[in-house]
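Got a structure for you, written out below as structure tokens; questions coming shortly.
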Number of protein chains: 2
Amino acid sequence: MTVEKGATGGRSGRGASSRGPVSRRELAVARVLDPARERAETKVKAFLDAAHELLNGDSGEEFTVQEVIERSGQSLRSFYQHFDGKYELLLALFEDGVNTATRQLREAIAEASTPIDRLHRFAIDYFRLCQPPPRTRTQKRGFAPGFATFAQQLLTGHPQEASHAFVPLTELLTELLAAAEADGSIRPGLEHPRVAGVILQAVMFNAFAATIGGVPVQSNSGDPAEELWQLLIHGIQP
Amino acid sequence: MTVEKGATGGRSGRGASSRGPVSRRELAVARVLDPARERAETKVKAFLDAAHELLNGDSGEEFTVQEVIERSGQSLRSFYQHFDGKYELLLALFEDGVNTATRQLREAIAEASTPIDRLHRFAIDYFRLCQPPPRTRTQKRGFAPGFATFAQQLLTGHPQEASHAFVPLTELLTELLAAAEADGSIRPGLEHPRVAGVILQAVMFNAFAATIGGVPVQSNSGDPAEELWQLLIHGIQP
DNA sequence: CTGCGGGTGAGAATCACATTATCGTTTTCG
DNA sequence: CGAAAACGATAATGTGATTCTCACCCGCAG
């Protein structure tokens with residue numbers, strides 16, 4: 001029962017024991033626990049991978065538990081052994097997505113030199129990540145289309161879990177905002193965490209969905225991400 | 001089959017025949033059609049009312065088709081006679097909500113005198129409308145909690161229908177933006193429809209959901225609506 | 001009057017999914 | 001080794017939405 005929650009992501013490397021147990025007693029415990037953990041993580045990974053493939057797979061939309069177990073070669077029994085239900089699977093998937101995205105964004109912003117440039121880079125790349133992959137192979141594993149719905153459900157229905165899942169992203173963005181403020185390139189006195197939330201939300205849903213204001217032939221100036229960014233920094237005033 | 005789509009709202013008065021048929025033939029047709037139409041609209045209204053009550057009713061969340069027909073005193077058969085399915089019902093409900101909201105917002109902004117004030121008023125009041133009613137009676141019929149999810153599904157899954165449903169709101173806001181631009185109180189050269197979409201989206205989801213960036217004790221400066229508005233006009237730059 | 005067709009109510013039937021339960025079998029661990 | 005846990009396969013249950021069946025009622029053309 002406790003396994004599922006703890007195993008929601010196998011991300012931080014496989015070496016759960018790598019951070020050195022302190023006593024022989026703990027070592028012994030670890031020796032017996034680790035194989036079990038490893039097995040569990042393998043299975044969990046199988047499920048997550050299968051689900052992930054299904055999400056940006058053919059239909060590009062939702063998936064059933066059946067499909068997941070078929071594609072993963074595991075059994076239904078096993079699935080419910082590891083996850084409290086479909087919801088938990090989605091949550092785990094989502095966490096993974098957020099973590100991956102955060103990592104990629106950290107890389108991306110490393111290329112920029114000034115705080116404001118890093119903010120800019122963050123916004124633009126985050127927008128891209130949130131956009132449904134343009135129908136090519138080897139997609140970079142951003143959020144998939146199905147995630148939009150889930151993210152929304154999470155935000156409206158479980159604010160607790162939602163903000164928790166977003167922590168990596170908000171932390172990163174909050175850092176960037178703080179740096180920019182210290183640098184004098186953004187207005188002081190903003191509540192960075194809150195502003196970070198607003199920005200993330202705005203960018204994400206703008207990328208996910210076609211904007212509410214119709215879907216013209218995107219004829220104009222072009223890059224929607226850039227436009228949104230301009231709006232975010234300058235506001236609508238002159 | 002065509003009835004449902006056309007009857008999604010009984011708003012524009014009941015007098016469908018008031019615009020005078022031209023020939024006796026048409027009159028005859030109307031004589032037989034009108035009662036039918038009237039009956040249909042009555043029924044549709046019954047369903048919509050029931051659904052609406054359920055939405056901000058006790059549980060405040062989702063509802064089943066069963067519940068709708070029980071509360072409306074109609075039959076399941078009849079339900080599917082008038083609506084293509086639950087989805088259509090939700091859509092109709094949503095359209096109604098948008099229309100009502102638009103009407104209320106028009107009233108609200110009438111109290112402001114300058115274009116920029118009207119924009120401000122719009123943003124603030126729209127935010128309020130989108131917020132789940134604070135547990136009091138006589139709520140003003142904004143969007144209910146369940147709408148958040150639906151709005152999102154609509155936006156991500158059916159951009160077409162979504163932007164159509166939002167038309168009244170985007171039109172209003174676009175007008176306001178244009179007026180403000182003409183007035184010189186906002187930056188020129190913005191694509192108003194698109195900006196309107198962004199604003200609506202940002203405000204709506206910020207009001208609907210707790211913001212991504214945690215839910216602190218909202219201790220700070222206070223009014224979240226006002227804060228968001230400040231962010232929208234000034235951006236994050238100094 | 002009379003029977004016919006469309007709209008209707010009541011409810012059973014069907015479908016799609018998620019979630020649980022059952023039952024041998026295998027693996028693991030003390 | 002023997003009990004406990006995990007597993008696979010598969011059937012069962014439960015909840016909703018959607019569809020189907022049957023009988024009825026009502027206006028009207030013959």
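In what follows, every chain begins at residue 1, and chains take the letters A, B, ... in the order their sequences are listed.
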Measure the distance from CG on Leu89(A) to C1' on dT19(C) and round it to the nearest whole Å.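 Rounded to whole Å, this separation is 14 Å.
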
Verify the contact: side-chain N or O of Ser78(A) to OP1 or OP2 of dG8(D), cut-off strictly under 4.0 Å; return yes or no.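 It does, given that an N or O in the side chain of Ser78(A) lies less than 4.0 Å from OP1 or OP2 of dG8(D).
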
Any heavy-atom pair between the side chains of Gln66(A) and Glu70(A) that's under 4.5 Å?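 They are in side-chain contact.
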
Need one value for Tyr87(A): base, sugar-phosphate or nothing, where a base atom within 4.0 Å counts as base even if backbone is also close, heavy atoms only.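 Nothing: the residue Tyr87(A), judged by heavy atoms under 4.0 Å, touches no strand.
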
Identify the two heavy atoms, one from Phe47(A) and one from His82(A), that lie closest to each other, and give their separation to 0.1 Å.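 The pair with the smallest heavy-atom distance is CE1-CD2, 4.1 Å.
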
Check the distance between dC20(D)'s P and Phe79(B)'s CZ and give it to me in whole angstrom.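 My rounded result for the distance is 16 Å.
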
Does a side-chain heavy-atom distance below 4.5 Å link Val65(B) with Tyr80(B)?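 Contact flag for Val65(B)/Tyr80(B) side chains = yes.
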
Below the 4.0 Å mark, does dA17(D) have OP1 or OP2 next to a side-chain nitrogen or oxygen of Thr64(B)?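 Yes, such a contact exists.
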
Check whether any side-chain N or O of Glu67(A) sits under 3.5 Å from a backbone N or O of Thr64(A) as a donor-acceptor pair, and report yes or no.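 Between the backbone of Thr64(A) and the side chain of Glu67(A) there is a qualifying donor-acceptor contact (under 3.5 Å).
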
Could you tell me which non-hydrogen atom of Ala51(B) sits nearest to which non-hydrogen atom of Leu89(B), and how far apart they are?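 Reported closest heavy-atom pair: CB-CD2, 4.0 Å.
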
Locate the shortest heavy-atom distance separating Leu91(A) from Phe150(A); write the atom from each residue and the value.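 Nearest heavy atoms, Leu91(A) then Phe150(A): N-CZ, 3.6 Å.
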
In whole angstroms, how far is the P atom of dA16(C) from the CD atom of Glu70(A)?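 About 14 Å, once rounded to whole Å.
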
Whole-Å distance between dG6(C) P and Tyr80(B) OH?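 For the pair Tyr80(B) OH and dG6(C) P, the rounded distance is 23 Å.
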
Answer whether the closest heavy-atom distance between the side chains of Ile199(A) and Val195(A) falls below 4.5 Å.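 Answer yes - side chains close enough.
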
Return the value, rounded to whole Å, for the distance between atom NZ of Lys86(B) and atom P of dT19(D).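 Those two atoms, NZ and P, are 15 Å apart.
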
What is the distance, to the nearest angstrom, from the CD atom on Gln66(A) to the C1' atom on dT10(D)?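 Distance check: Gln66(A) CD to dT10(D) C1' gives 10 Å.
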
Atom pair distance, as rounded to whole Å: CD in Glu88(B) and P in dT18(D):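 After rounding, the gap between these two atoms is 10 Å.
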
Using atom CZ of Phe47(B) as one end and atom P of dA17(D) as the other, report the distance to the nearest whole Å.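 Rounded to the whole Å, the gap is 14 Å.
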
Quick one: is Lys43(B) getting a side-chain N or O under 4.0 Å of the dG7(C) phosphate, OP1 or OP2?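 No.
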
Contact list (N/O, under 3.5 angstrom) for nucleotides 10-12 of chain C vs protein:
none

